Each structure stands twice: as structure tokens, then as C-alpha cells.
S.K.: 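First, the structure itself, so that you have it in front of you.
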Amino acid sequence: MESYAKNEKKATKMRITGAEAVIHCLLAEGVDVLYGYPGGAIMPVYDELYKFQKELHHVLTRHEQGAVHAAQGYARSSGRVGVAMATSGPGATNLVTGIADAQIDSTPIVCITGQVASHLLGSDAFQETDIVGISTPVTKWSYQVTNAEELPEVMAKAFYIAKSGRPGPVLIDITKNAQFQEFEYSYKQCKGVRSYKAKPQPEPGSIEAAAKLINSSQKPFIVWGQGVILGSAEAELKSVIEKAGIPSSSTVLGLSALESDHPLYVGMVGMHGNYAPNLLTNECDVLIAIGMRFDDRVTGNLETYAKQAKVVHFDIDPAEIDKNVKTEVAVLGDVKQTLASLLPLLEDREHKGWHDQFKTLHQQEMEQVIQGDLYPSKPGLTMGEAVDAVNKASGGRAIVVSDVGQHQMFACRYAQFKQSRSNITSGGLGTMGFALPAAIGAQMGAPNRPVVAVIGDGGYQMTIQELGTILQTQIPVKIMVLNNDFLGMVRQWQQLFFDKRYASTELINPDFIKIAEAYQIDSKRVDKRADLQSAVDEMMASDKAYFLEVIIEKEDNVFPMIPTGASVSDCRLS
């Protein structure tokens with residue numbers, strides 16, 4: 001792809017169709033794989049794609065939602081822009097869930113959709129839908145191309161916007177006549193867009209003010225988010241934490257930016273995060289937020305969140321500053337640069353007494369929650385021990401792709417990470433059905449790393465058809481379904497807050513093993529503790545796709561838990 005891109009930069013103008021231009025633009029941007037599903041309005045592009053099969057690998061998913069989630073997984077594991085393609089009407093609207101997911105989780109993807117011919121726009125033609133109008137609220141940018149001559153500039157702009165600054169999804173809708181139209185093609189990569197500042201410059205003195213607050217603090221606390229990973233600032237984060245000796249915690253999406261066993265890492269914050277960082281958020285004197293957006297699942301009740309603390313917020317997006325939590329010092333800019341500028345201004349500190357408070361609370365959680373999750377005395381298997389079995393088999397080096405629900409929180413709490421970009425999940429939107437197609441994309445984005453999809457039996461069935469994509473591509477992704485015959489997270493809430501009225505949450509499931517076998521995927525079911533580790537070891541050792549069903553205790557709950565609307569200080573251990 002690199003050689004093609006270099007040649008493309010030097011290429012003179014050539015007369016080609018809009019459909020062929022789409023392929024040339026993708027190749028010029030270094031795209032080597034895209035996910036999609038053909039149809040009438042995008043057929044000219046697919047016809048040209050057929051001629052470039054060696055240069056550009058197309059993965060035929062079994063549903064357009066699978067295509068966009070796969071593009072997300074690819075982007076999250078590789079750090080590159082993911083690409084999805086679909087036809088007009090229902091093909092385009094089936095992308096919207098993944099686009100919205102990518103928007104709230106800041107995932108760089110470009111989605112290309114076909115559209116009816118220009119003269120039919122607004123006529124309710126067959127499979128016509130205003131996808132630009134529909135997608136505008138959940139994209140960084142959406143644009144409809146009606147003239148082929150626009151394509152090179154629009155495509156270049158799409159990739160620039162998707163990957164620059166705070167990343168996100170872009171949608172380009174191309175009318176069918178523009179795909180057939182011939183024009184003089186030449187391509188120039190986009191380096192900037194007027195009025196769009198991808199990397200804002202810090203306010204003068206903001207880094208010095210941040211350092212002054214941190215150096216004078218007695219109980220500083222860092223919470224970092226995915227912005228550290230998106231900004232490739234893992235090394236800078238680690239240096240800051242170690243020099244200043246600050247207890248540090250991660251959001252769900254920030255997990256793996258720092259290795260899980262780092263001595264200054266005190267766990268995950270949030271509704272099902274760890275006990276100590278949640279409680280002590282309301283005791284720190286300086287709260288340093290790095291690349292995170294103060295989501296409600298992190299803050300709980302904003303009226304009681306960290307009111308005693310002075311807040312320092314490092315972020316690339318000005319819209320996040322003071323949006324939810326009032327800051328004392330805002331440091332705008334690329335977090336890799338701002339943390340590097342902060343480091344020499346920080347004093348060497350240890351904060352031993354402050355760390356001891358975290359250790360005391362952690363011990364309470366260990367005794368009341370963690371011990372029972374990882375080393376249970378009850379006969380049924382737990383989700384925690386299933387996730388821990390993956391840790392033991394992979395040495396903490398697997399990419400863990402989780403869906404949404406109880407299993408997701410168990411995966412985020414107990415998966416061990418040795419390197420960045422190892423935790424991939426649907427965060428802000430909470431999209432059930434995300435994990436299976438996202439794991440396919442993640443495996444293609446990081447082909448030399450083991451990828452394990454940890455999925456609940458509910459979410460698994462939302463995109464189970466993507467087993468067909470695995471059959472066709474032979475992607476060696478590992479699938480571990482934690483089956484409790486329930487929509488587990490909803491059932492947990494019904495148990496705790498609705499007097500065990502399990503309304504529409506119990507599932508009658510099919511034989512998942514037979515389904516896996518139908519797709520020619522090696523499979524096994526385990527329901528006994530004595531067999532769990534060997535089954536996981538067998539799955540991880542396979543050089544092919546593998547499906548493992550783990551039968552879980554029906555009423556296995558995830559704790560700690562902050563009830564909706566409660567303060568982080570109200571974090572419950574049971």
C-alpha cells in the first residue's frame with residue numbers, strides 16, 4: 001500500500017469513472033482492507049473493486065452492521081482508519097448503529113454508501129434514504145457526492161477528518177450517476193481544513209498552572225481515558241505517573257494504556273469499577289483527568305462528584321472542557337505533547353500515606369468481591385474466573401474484545417493487559433452485538449496477536465451471522481460465550497431494584513455448539529471448574545477460529561456497583 005500511495009502522489013491526471021476513483025482514493029490513503037455488503041446503488045464501485053482484489057482486500061460481512069463494527073475493531077487494534085461500504089436505503093441505515101458507536105467512542109472510520117441517481121433524489125425512489133440527514137448528528141462529517149469531479153477532494157478530506165484531532169466517523173454518500181461519470185482524476189492528500197483545528201494549542205501558562213497544582217497537592221489522583229491511546233501518549237502517561245508518584249485509574253476505554261500490574265495503577269473507575277478509586281475520587285485534593293470526558297458512568301451524580309478537588313483536565317477537544325465537570329485548569333492540545341511538556345515541571349513525589357488508603361480499600365474489595373469472582377466456593381462457574389483463565393493462557397497479551405453487559409464489566413475488571421490497544425469494547429453507546437464483528441476486524445488489524453471475543457449469550461445472537469464471515473475468511477479469532485441463559489445485566493438490575501421481576505430477560509437459547517459446527521468452527525462446551533483452564537488453553541493454542549461456550553452461574557452478579565444517580569461515594573460491594 002505504501003508504494004501505491006507514493007506512486008499515486010506522483011501520478012498525472014487520468015480519465016476514469018467515479019467508481020474507479022473511489023478505489024484509487026482508498027489505495028492512495030493506504031487502505032488495504034475494507035468491510036462491506038454490495039447492492040444496486042453501490043454496484044459500480046464493487047465492479048471496479050473486483051479489478052483490484054490483490055491490492056485491496058474486501059471482506060464480505062453478513063450484515064452491514066457487521067461491516068461497520070468490523071471496521072471499528074480494525075481501527076481500534078491497528079490505530080488506522082477503518083473503512084466500511086454499503087448500498088443505499090437499508091444498507092446505509094444498517095450502518096448507523098456502528099457509526100453512532102464510533103462517534104461517541106472516537107473511532108476513526110470512513111463509511112461509503114451508494115445512493116440513487118441525482119435526478120431521483122427526493123422522489124422516494126427504490127432504496128432511497130437521506131443517509132446524510134440521518135447520519136449528520138452521529139458523524140464528524142457527512143457529505144453527498146453528486147458529481148464525480150468532487151470525489152478526490154472529498155475522499156481526501158474524509159480521511160483527514162476521520163483520523164485527525166479527536167478521531168471519529170465520516171460518511172460519504174455517492175449518487176449512482178457520479179459513480180458512472182468520467183472525469184480527469186488526480187489525488188492530493190488533505191493536510192488541513194479551513195476552520196477545523198485538529199490540534200488546538202494550549203492556553204499560555206496552562207501547563208505551568210497544572211504543574212503547580214499537582215506539585216502542591218497532598219492527595220493527587222489521575223483518571224485517564226482513551227485519549228491517551230488515541231494520542232499514542234502511553235509512554236508520556238507512564239512517565240508522569242511514575243515521576244509524580246500519583247495513584248492512577250482508567251476509564252473502561254482507557255484500559256491497557258498502562259500495564260494492569262503497574263504498582264501505581266489502582267484500578268478502573270465507573271459504575272462497576274474498583275472500590276478504592278471510586279470512593280477516593282471524593283477525597284482527592286487534585287483530580288487530573290487525561291483524555292477522558294467525564295461520562296456519567298464514571299461520575300455518578302455530578303452534584304456530589306469530586307467537589308472537594310481542584311480539577312485539571314488535559315484534552316484535545318475544547319467541547320469537553322467544563323461540559324460536565326468544572327475545571328480549575330484546562331490544558332488543551334495533543335496529550336502526547338502536553339504531557340511531555342508537563343513532565344519536566346513535576347516534582348519527584350511518593351505520596352505513601354495516600355497510596356495506603358487505596359491499598360486498604362482494595363483489600364476490602366479483594367475479600368468481599370474479587371476472591372469470590374476469581375476463586376469461588378460455589379459450584380457454578382463465574383464470569384470472572386473464565387476471564388482469568390484467558391489471562392493465564394495468554395499471559396495478558398491477548399486483545400480482548402467484549403460485547404455489552406455483565407460479561408463486559410467482568411472482562412474490563414479482570415482481563416490483564418501487557419500492551420496498549422488490548423481492550424476493545426463498545427463504551428459510550430453500549431452496543432450489544434458489537435463484539436463478534438469487531439473481533440474479526442481487530443484480528444485483521446493486529447494479525448500477529450491473539451484476539452479473544454468475550455460475549456454474553458444475548459449479545460452473541462445479535463450478530464451471530466458473522467460466523468459466516470469467519471467461515472469465508474478463515475480469520476483465527478477466538479470466541480468465548482459466557483452463557484447464563486439471561487440478559488444478565490438487565491436481570492441484575494431487576495434482581496436489585498425490581499424485586500426479582502425478571503421481565504423478558506430469560507433466554508431460551510439454541511445449541512451454540514451445533515451452530516459453530518455448521519460454520520466449520522472448532523468448538524467445545526465447558527460447565528465444570530476442573531475443565532475450564534484446559535478448555536481455554538486448547539482454544540488459545542488453536543491456529544484457527546475456535547468457539548468455547550462456558551456455562552455460567554445463572555445469578556452471577558457484577559460488583560462493586562454504583563446505583564444509577566448515586567454518588568461515587570455510594571459504591572456498593574454487594
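Bear in mind the structure is a predicted one, so any value in this text is a computation, not a measurement. Values reported hereafter were calculated over all heavy atoms of this structure, with side chains retained and with hydrogens, waters and symmetry mates removed.
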S.K.: Could you state the interatomic distance from CD (Gln408) to CZ (Phe434), rounded to the nearest 0.5 Å?
M.R.: 9.5 Å
S.K.: Please walk me through it: do Arg166 and Glu320 pass salt bridge (Lys or Arg N to Asp or Glu O under 4.0 Å)?
M.R.: CA-CA 11 Å; Arg166 179 179 180 175; Glu320 294 299 340; 2.7 Å; yes
S.K.: Just wondering, do Tyr275 and Leu279 contact through their side chains at under 4.5 Å, heavy atoms?
M.R.: yes
S.K.: Does the side-chain hydrogen bond (donor to acceptor under 3.5 Å, both in side chains) test come out yes or no for Arg449 and Ser422, once each step is laid out?
M.R.: CA-CA 10 Å; Arg449 296 190 63 192; Ser422 294; 2.7 Å; yes
S.K.: Using modelled atom types and a 3.5 Å cut-off, is there a donor and acceptor pairing between side-chain atoms of Lys140 and backbone atoms of Ile161?
M.R.: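 At least one qualifying donor-acceptor pair exists.
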S.K.: Using the salt bridge (charged side-chain N to carboxylate O under 4.0 Å, His left out) criterion, which residues pair with Glu234? Sequence neighbours excluded.
M.R.: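 By the salt bridge (charged side-chain N to carboxylate O under 4.0 Å, His left out) rule, Glu234 matches no residue at all.
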S.K.: Flag yes if more than 12 heavy atoms outside Lys310 fall under 6.0 Å of its NZ atom; otherwise flag no.
M.R.: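 Check fails, neighbour count at 12 or below.
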S.K.: Nearest 0.5 Å please: distance from the CG atom of Asn423 over to the CD atom of Gln416.
M.R.: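 Asn423 atom CG to Gln416 atom CD measures 12.0 Å (nearest 0.5 Å).
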S.K.: Specify the closest pair of heavy atoms between Lys478 and Pro476, including all atoms of both residues, with the distance to one decimal.
M.R.: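 Smallest interatomic distance, heavy atoms only, reads NZ-O, 2.7 Å.
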S.K.: Can you check side-chain contact (heavy atoms from CB on, under 4.5 Å) on Val83 and Ile109, steps first, answer last?
M.R.: CA-CA 6 Å; Val83 181; Ile109 59 172; over 6 Å; no
S.K.: Does the side chain of Thr139 pick up a donor-acceptor pair with the side chain of Ser142 at under 3.5 Å?
M.R.: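 Side-chain D/A pair, Thr139 to Ser142: present.
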S.K.: Give a yes-or-no answer on whether the side chains of His272 and Gln406 include a donor-acceptor pair shorter than 3.5 Å.
M.R.: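 Side chains of His272 and Gln406: no pair found under 3.5 Å.
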S.K.: Determine yes or no for a side-chain-to-main-chain donor-acceptor pair under 3.5 angstrom, with Asp173 supplying the side chain and Tyr143 the backbone.
M.R.: no
S.K.: Considering only NZ, NE, NH1 and NH2 on the basic side and carboxylate oxygens on the acidic side, decide whether Lys219 and Asp285 come within less than 4.0 Å.
M.R.: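 No, no charged N to carboxylate O under 4.0 Å.
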S.K.: Determine whether a donor-acceptor pair (N or O, by modelled atom type, separation under 3.5 Å) exists between the side chain of Lys199 and the backbone of Lys197.
M.R.: no
S.K.: Determine, stepwise, if the pair Glu259 / Lys238 fulfils salt bridge (Lys or Arg N to Asp or Glu O under 4.0 Å).
M.R.: CA-CA 9 Å; Glu259 57 268 28; Lys238 187 174 183 178; 2.9 Å; yes
S.K.: Which pairs of donor and acceptor atoms, one on a side chain in residues 201-211, lie under 3.5 Å apart (sequence neighbours left out)?
M.R.:
residue: Ser206; atom: OG; partner: Glu203; partner atom: O; Å: 2.9

S.K.: Do Val454 and Val401 have side chains that approach each other closer than 4.5 Å (heavy atoms only, starting at C-beta)?
M.R.: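 They are not in contact (no side-chain heavy atoms under 4.5 Å apart), so the answer is no.
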S.K.: Do the non-hydrogen side-chain atoms of Met85 and Cys111 ever get within less than 4.5 Å of each other?
M.R.: no
S.K.: Roughly how far apart are Asp101 CG and Ile99 CD1, rounded to 0.5 Å?
M.R.: 11.0 Å
S.K.: Would the distance check show the side chain of Asn391 and the main-chain N or O of Tyr414 forming a donor-acceptor pair, the cut-off being under 3.5 Å?
M.R.: yes
S.K.: Does the side chain of Asp105 pick up a donor-acceptor pair with the side chain of Gln226 at under 3.5 Å?
M.R.: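 Looking only at side-chain atoms, Gln226 and Asp105 do not form any donor-acceptor pair under 3.5 Å.
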S.K.: Between Arg76 and Thr425, is there a donor-acceptor pair closer than 3.5 Å when you use the side chain of the first and the backbone of the second?
M.R.: yes
S.K.: Report yes if the side chains of Ile316 and Leu332 come closer than 4.5 Å at any heavy-atom pair, otherwise no.
M.R.: no
S.K.: Return the set of residues passing ring-ring contact (aromatic ring centres under 6.0 Å, His included) with His313 (not counting sequence neighbours), or none when no residue passes.
M.R.: Phe294
S.K.: Over all heavy atoms of both residues, which pair between Gln65 and Thr97 is shortest? Give the atoms and the distance, please.
M.R.: NE2-CG2, 4.0 Å
S.K.: Considering non-hydrogen atoms only, spot the tightest contact between Arg349 and Ser217 and give its length.
M.R.: NH2-O, 2.8 Å
S.K.: Any side-chain heavy atom of Val96 sitting closer than 4.5 Å to one from Ile131?
M.R.: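 Yes, at least one pair of side-chain atoms sits under 4.5 Å.
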S.K.: We want to know whether His69 and Gln72 form a side-chain donor-acceptor pair, criterion being a heavy-atom distance below 3.5 angstrom.
M.R.: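 Distance-only check passes for His69 and Gln72.
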S.K.: Starting at CD1 of Ile321, measure out to CG of Asp315 and round the result to the nearest 0.5 Å.
M.R.: 5.5 Å
S.K.: Between Arg80 and Glu29, is the closest basic N to carboxylate O distance under 4.0 Å?
M.R.: no
S.K.: Is it true that a side-chain atom of Asp388 and a backbone atom of Gly384 form a donor plus acceptor pair closer than 3.5 Å?
M.R.: no
S.K.: Any donor and acceptor pair, going by atom type alone, linking the side chain of Ser77 with main-chain N or O of Ala442 inside 3.5 Å?
M.R.: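 Between the backbone of Ala442 and the side chain of Ser77 there is a qualifying donor-acceptor contact (under 3.5 Å).
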S.K.: Less than 4.5 Å apart, side chain to side chain, heavy atoms only: is that true for Val335 and Glu236?
M.R.: no
S.K.: For Lys307, look at atom NZ and say whether over 12 heavy atoms of other residues, nucleotides or ligands are found less than 6.0 Å away.
M.R.: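 Enclosed.
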S.K.: So, using side chain to side chain donor-acceptor pair (under 3.5 Å) as the criterion, who are the partners of Arg297 when residues are at least two apart?
M.R.: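 Applying side chain to side chain donor-acceptor pair (under 3.5 Å) to Arg297 gives none.
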S.K.: Between Glu350 and His355, which heavy-atom pair has the shortest distance, and what is it?
M.R.: O-CD2, 3.1 Å
S.K.: Please check this pair: side chain of Asp322 against backbone of Thr327, looking for a donor-acceptor N/O pair closer than 3.5 Å.
M.R.: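 Between the backbone of Thr327 and the side chain of Asp322 there is a qualifying donor-acceptor contact (under 3.5 Å).
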S.K.: Lys418: what forms a salt bridge (charged side-chain N to carboxylate O under 4.0 Å, His left out) with it, not counting sequence neighbours?
M.R.: Asp261
S.K.: Walk me through it: do Ser569 and Asn282 pass the test side-chain hydrogen bond (donor to acceptor under 3.5 Å, both in side chains)?
M.R.: CA-CA 7 Å; Ser569 299; Asn282 279 359; 2.8 Å; yes
S.K.: Is there a donor-acceptor contact under 3.5 Å linking the side chains of Thr469 and Tyr35?
M.R.: no
S.K.: Spell out, as yes or no, whether a donor-acceptor pair under 3.5 Å connects the side chain of Gln419 to the backbone of Ser256.
M.R.: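 No, Gln419 side chain to Ser256 backbone: no donor-acceptor pair under 3.5 Å.
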S.K.: Just wondering, are more than 12 heavy atoms of other shown residues or ligands nearer than 6.0 Å to NZ in Lys212?
M.R.: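 Check fails, neighbour count at 12 or below.
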S.K.: Is Trp141 close to Val154 at the side-chain level, that is, under 4.5 Å between some pair of heavy atoms?
M.R.: yes
S.K.: Please give me the minimum heavy-atom distance between Leu255 and Ile229, naming the atom from each residue.
M.R.: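 Scanning both residues completely, I find the closest heavy atoms to be O-CD1, 3.8 Å.
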S.K.: If you round to the nearest 0.5 Å, how far is CD1 of Ile440 from OG1 of Thr61?
M.R.: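 Those atoms lie 8.5 Å apart.
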S.K.: Rounded at 0.5 Å granularity, tell me how far CH2 in Trp354 sits from SG in Cys284.
M.R.: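 SG of Cys284 is found 5.5 Å from CH2 of Trp354.
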S.K.: Taking C-beta and beyond as the side chain, do Leu287 and Ile222 meet within less than 4.5 Å on heavy atoms?
M.R.: no
S.K.: Asn557 side chain to Gln492 main-chain N or O, any donor-acceptor pair under 3.5 Å?
M.R.: no
S.K.: Quick one: closest heavy-atom pair of Gln218 and His351, and the distance?
M.R.: O-ND1, 3.5 Å
S.K.: Give every residue pair that meets the ring pair (Phe, Tyr, Trp, His ring centres under 6.0 Å) criterion with at least one member in residues 205-224, sequence neighbours excluded.
M.R.: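 Non-adjacent pairs meeting ring pair (Phe, Tyr, Trp, His ring centres under 6.0 Å): Phe221-Phe358, Trp224-Tyr265.
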S.K.: Start with the C-alpha gap between Met271 and Thr564, add the side-chain angles, then the distance that decides, and say whether side-chain contact (heavy atoms from CB on, under 4.5 Å) holds.
M.R.: CA-CA 8 Å; Met271 178 174 280; Thr564 301; 3.9 Å; yes
